[in-house]
Amino acid sequence: MKRVEVLKTYKIYIGGKFPRTESGRFYKVLNKAEKPIANVCLSSRKDVRNAVQAARKAQGSWQERAAFNRGQVLYRIAEMLEGRRAQFVEELMLEDYTKKEAQTEVDNSIDRIVYYAGWCDKFNQVASSVNPVSSSHFNFSSYEPMGVIGIMAVKSSGLLGLVSMLMPVIAGGNSCVIIASEDKPLCAVTLAEVLNSSDVPGGVVNILTGHMDELWSPLSSHMDVNGISTDGRNKYITKVQLASVDNLKRVRVYSNDFSLMQEQGIQFITDFQELKTTWHPIEKIGGASNSY
Amino acid sequence: MTAKYRFNEVPPSPSIDKVGVEERVKRFQSRSIKTTAKMQGLKMVLSMIDLTTLEGKDTEGKVRQMCFKAAHLHNGHPGLPVVAAVCVYPSMVGLAKSIVGKYGIKVASVSTAFPSGQAPLDVKIADTKYAVEHGADEIDMVISRGKFLAGEHTFVFDEIAAIKEVCGSARLKVILETGELATLDNVRRASDIAIYAGADFIKTSTGKIQPAATLQVTYTMLQAIRDFYDETGKMVGMKPAGGISNAKLALHNLVMVKEVLGEEWLTNKWFRFGASSLANDVLMQILKTESGIYQSADYFTLD
């Protein structure tokens, strides 16, 4: 008798747990040949609510970790991903990648994680500044994370686009809620398993799958979300921007081709940082003019 | 004035079927309350809150701030009710009364060596007198759990009756501190004793001990109130306190009150929530229900 294959159920990731969607719905992911490759959760606005709640709860302690420690945690993600290469390659191939393309995508993703792991305890030194002022103050500006960031992931990429948008956000001490690519969600869910088995605290990254049609609105209008990072090909960009007005969310639109080496950098981290400027009184020494 | 009932008139308490209680409570939690019903429910919850601060570090400033909040829950949203009462330590009663009195908000004072209740009767009486003299409309007393658990139920009964006498026109809420009573049978017995000794309200917890106001415990106490009402035709109020921090749980409590006791109890004369953080969650739910937009704690007062 022919063995019946046991297909994996792809669940969503909220607060370090893998629940099914609150709505109990699912959708079929099809490949180019219109063949179903998996059943995936069709998340609802209540899943968005739960995910934002989990992200808010986790954000404070993630921000308060030593930057060096955050770097270690990110590096651990890369290690774990490396250990599960084969699975990611296989999933990308289900989503119509050739073997070569899939391998390159996974390699680049791992490298990108290591890249941002390195920045964790360095970007603030590089991006901060000491500002010249004309009073006797030591005036300096440094970066602090914005809080909870909503990420509407790149539609056309299974893994690299997601990783390229996610890593700079958490490297800077934010937590986030991700809406995975509707067409290529498999790697997003598997990435959640990687995150869960590395040292990323539950709730720092939350991953939902489903239709952008119904998820853009609750996420971008949510008063407890502080910023939105979205793929430039998202057809709801204008609506997202309008919905973000109420609590002045920062919206960043990325049309970058993340498969290129140069599409990584410190600017992706500072995109979701707030600049804090401090005026520290100093004694004026001997009448000497002070450029600080 | 003596208590209406003597201890030997307290009927034997029925034993509680814990599994049955859990089953029943589960059914209350599966009710779906949406749109207009939800909105009315939420506003009712607000009007039933005893806004509470009971900490060693309470200052006059803190109490003043809380009293302001009691009268102005969310100024950005007109048409909201005020809370039922503020609940403070006896030393803060005078101050609280001077602020909230004009809004029709009651002042409740904890008393009888709250939260432990480990003091002699004359100290407890003096404590209560002080609060009443400074204008407390309601007294939240604690029972002597040690004595209760040691089986000295008459002692507990007499103590409640004695405090009731000192209260005068102030309404007496009796805190059972169910988290320390260990079993639902004990909760039921303590409820019966408190009710027959003259309690106007029975209250679950001080808020200092976990678990506090679980639905199971509240249900058991509501049953005691129901049985007393069936027996004597007199109403007794109920106040779950501690651990009710979200709107959904509060609504489930209201469903339970309606189905166990009936609609006459759905006013702040007969039902209260003892809570400090519940109000904000209810406010956020009200705004969410009206606007469809999920809210953030960033835009509401801290306490």
Side-chain angles (χ1 to χ4, degrees), chain A residues 14-15 22-24 43-60 63 144-150 174-177 179 203 206 208 213-228 236 239-251 274, chain B residues 26-39 41-43 45-46 69 72-80 210 243-252 255 275-303:
Chain A
I14 297 177
E22 163 280 337
S23 64
S43 306
S44 67
R45 65 186 170 84
K46 287 194 179 169
D47 293 312
V48 171
R49 174 196 67 187
N50 295 345
V52 172
Q53 216 163 42
R56 173 59 62 196
K57 208 169 151 207
Q59 198 271 327
Q63 170 178 357
E144 287 182 358
M146 298 187 74
V148 176
I149 308 299
N174 296 291
S175 61
C176 64
V177 175
I179 301 174
N206 303 277
L208 306 177
D213 296 356
E214 63 174 320
L215 297 179
W216 71 266
S217 166
L219 186 63
S220 54
S221 66
H222 200 307
M223 296 293 279
D224 216 16
V225 172
N226 306 103
I228 298 278
Y236 295 104
K239 287 183 171 172
V240 165
Q241 286 169 326
L242 277 171
S244 298
V245 169
D246 265 351
N247 70 336
L248 304 178
K249 280 182 202 70
R250 187 182 293 173
V251 180
E274 293 284 10
Chain B
K26 230 179 249 163
R27 269 184 270 161
F28 296 126
Q29 286 174 292
S30 63
R31 300 286 193 284
S32 176
I33 303 160
K34 302 284 183 207
T35 58
T36 40
K38 181 178 179 185
M39 196 53 130
L42 291 171
K43 286 190 176 164
V45 169
L46 285 181
K69 170 135 186 176
H72 308 84
L73 279 170
H74 193 63
N75 275 352
H77 191 288
L80 292 174
Q210 289 301 327
I244 303 172
S245 56
N246 68 63
K248 202 175 198 176
L249 185 54
L251 288 175
H252 288 151
V255 169
S276 45
S277 55
L278 174 62
N280 270 3
D281 195 67
V282 175
L283 289 171
M284 281 162 68
Q285 282 300 320
I286 288 178
L287 263 70
K288 153 73 181 64
T289 308
E290 281 183 354
S291 66
I293 292 172
Y294 288 118
Q295 302 295 311
S296 163
D298 287 355
Y299 304 97
F300 294 84
T301 51
L302 284 174
D303 10 53

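So you know, we letter chains A, B, ... as the sequences are listed, proteins then strands, and number each from 1.
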Determine whether B:Ile293 and A:Met223 make a side-chain contact, defined as any pair of heavy atoms from C-beta on separated by less than 4.5 Å. yes
Between A:Arg45 and B:Lys288, which heavy-atom pair has the shortest distance, and what is it? NH1-NZ, 3.6 Å
With a 4.5 angstrom heavy-atom cut-off, could you sort out which part of A:Asp246 is near chain B: side chain, backbone, both or neither? side chain
Nearest-0.5 Å distance that lies between atom CG in A:Leu219 and atom OH in B:Tyr294: 11.0 Å
